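Bear in mind the structure is a predicted one, so any value in this text is a computation, not a measurement. The chains referred to below are lettered A, B, ... by the order of the sequence lines, with proteins before strands, and numbering in each begins at 1.
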Amino acid sequence: MRYSRLFNQTLRTSPAQSEAASHQYLTQAGYLRPLASGIFAYLPLAQRTLRNIASIIREEMEAIGGQEVSLPIVHPAEIWQQTGRWYTITAEMGRFKDRNGHDMVLAMTHEEAVAAIVHDVIQSYRQLPALIYQIQLKWRDDPRPRAGLIRAREFTMLDSYSLDRDEEGLEVQYQAHYNTYHRIFERCELPVIAIQSDSGMMGGVQAHEFMYLNPIGEDTIMLCSSCSYAANRQVATFQKDHNSSEDLKEVEKIVTPEKKTIADLVEFLQISPKRTAKAVFLMAEMHGTEKLVLALVRGDMELNEAKLAHAIQASGLRPATEEDILLSGAVPGYASPIGIKNTLVVVDDQIPHLRNLTVGANQSGYHLKNVNFGRDYQTDIIADIVSAEEGFLCPQCGHPLSSQRGVEVGNIFKLGTFYSEQMECQYLDENGASKPIVMGSYGIGLGRLMACIAEEHHDENGLCWPLQVAPYNIHMLSIKDKDGAVQPTAEDLYEQLLAAGISVLYDDRDISAGVKFNDADLLGMPYRITISARALSNGGIEIKSRSNETSHILPREQVLPYLQKIASRH
RNA sequence: CGGGGUGUGGCUCAGCCCGGUGUAGAGCGCACGGUUCGGGUCCGUGAGGUCGGCGGUUCAAAUCCGCCCACCCCGACCA
């Protein structure tokens, strides 16, 4: 491609409205233009990069037996109603009516659509296992898009769906994806770690996320430096301490005027927050109705809403208002499970092992000392509902955990039979018995992946693409000379490279050398070749790798074979 | 949804506080001419703007007031 024909415009200054390096450079170098919040146009350089990422993905998916399909991005509401997600997912789903007034959905993901097709295609165990995948657009009306492609509302995603007879089959395909995803990210030269994760709105039983560790990320990952433990903070567990050797003491009502927070209370009573329990009130969306939930956790712990939602099978949580709380008979600031009604009480699994805690008396200005689970109150639901924090002890080895931020570039889920049951995807086994297909679903965000690669591979001058994803392998530029030997040489070499099938961007513009060099650095092709009078008089043509400061001169006739060797690594 | 910030040509911004310089400015980019030719050369000419929108105040609004919209950042939220 001749630069003079390239559809793009680099910017001298990076746009002010971006913080992430990837966003800045992708915009400044003319890969990307915003159209609306979280909605982007991909210009030719970005499109080529994405295409390269996509071909890596296709190769690797085909290698584990994947077959590519293309599912619609507009769905009839019926299939989403069938799985219930029409009702459980709210503002994030794009909906509209067609001309006949039918409710339609913009695909956020494709489990429903896949299941609808699988329902028609798969009849027999002879057709299983199967693996289908697509690289397709998604729409999620995210409440807060940010950092350019890191979190967009419209985005392209690889999503694959495994279909198996049973759990064993699913395990095989899950493992295959686990390994393949590592290979895909490796080929893109993006370092990632696989961590345990929440299955969120997808439902399902087991899940891993592939995280690119970087402060720009919005997920918090708990890591153990002495063993392999790594988990999303939403699900990370840790070793909890107990004091169950203490004797039970008598409950004692104490006066605590205006001590509505744990901080005030422990200051007033001069006790450790570990000797208190706090009650957090939330309204939970459960099976279409709202219910008040009291979550009881140790005073120094933080409630983890993802864990809580999981424990009570809630589809959504919101903070309870004062009015909500008063209806239960509890007193905000002085609340506890003792004596409240019409409330779902969830107790953190540490609490039953803690004795003689101080909790609210459900009476303004009073707390209760020496309260004990079992003796003084009961509940049906005991679960791990607190967040792991930096310094808490690793659940596997007891070493203190650390935390880091990360970007989720991929994930794999064992869906099990949820969707196949909802959508009636069944097959007949050898005995003629009808059984639900066991499904898995797996995804990689392509735009996000491209942004993460840019984030990982850039310097103060611009992007530095890895060879396999770079829009062009070679950035060739000529520097105009007096006697005019440069231009014909450059044209000639360019034609030769094209004929050899090497992907090359040739800066043929009639502008100063500095501009060409700066643009070459900004655009970030892995190799730069310079044709100039100086290089020619030094015996040939200059070659420099983008990530390396030094260049070297190669005789004219050796250039093509040299570049062919580089390109063959593509 | 809560908090903060910003909207002036393709990009970065000045002007606004304290209304009036008469066709609204600069740099970059773009077009044309010249100049230079290994790290965004220099000079000249030129095109390009409903000053986010609507309403109000005023003899007069980019500037003051009100409402709305968009975008960015933090939080809530989120495969």
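A side chain to side chain donor-acceptor pair (under 3.5 Å) with A:Thr83 is found for exactly one of A:Glu421, A:Glu112, A:Gln422, A:Glu111, namely A:Glu112. A:Met211 pairs in a side-chain contact (heavy atoms from CB on, under 4.5 Å) with only one of the listed residues (A:Leu223, A:Val409, A:Asn232), which is A:Asn232.
In this structure, A:Asp519 reaches the bases: a heavy-atom distance under 4.0 Å links it to at least one base atom across the strands shown. At the heavy-atom level, A:Gln28 lies nowhere under 4.0 Å from the strands shown. Base engagement by A:Asp521 is indicated by at least one non-hydrogen atom pair under 4.0 Å involving a base atom.
A donor N or O paired with an acceptor N or O is found under 3.5 Å between the base of B:G39 and the side-chain atoms of A:Arg528.
Note on A:Ser512: every side-chain N or O is 4.0 Å or more away from OP1 and OP2 of B:U36. Put simply, A:Arg146 has no side-chain N or O that comes within less than 4.0 Å of OP1 or OP2 on B:C71.
For A:Gln9, counting side-chain heavy atoms from C-beta on, the closest listed nucleotide (B:C78, B:U41, B:G29) is B:G29. The side chain of A:Ile479 sits closest to B:C37 out of B:G39, B:G10, B:C37. The side chain of A:Arg144 approaches B:G75 more closely than any other nucleotide in the set B:C77, B:G75, B:C37.
By the 30° and 60° cut-offs, the orientation of the rings of A:His475 relative to A:Tyr3 is tilted.
Between A:His552 and A:Tyr562, the gap from one ring centroid to the other is short of 6.0 Å.
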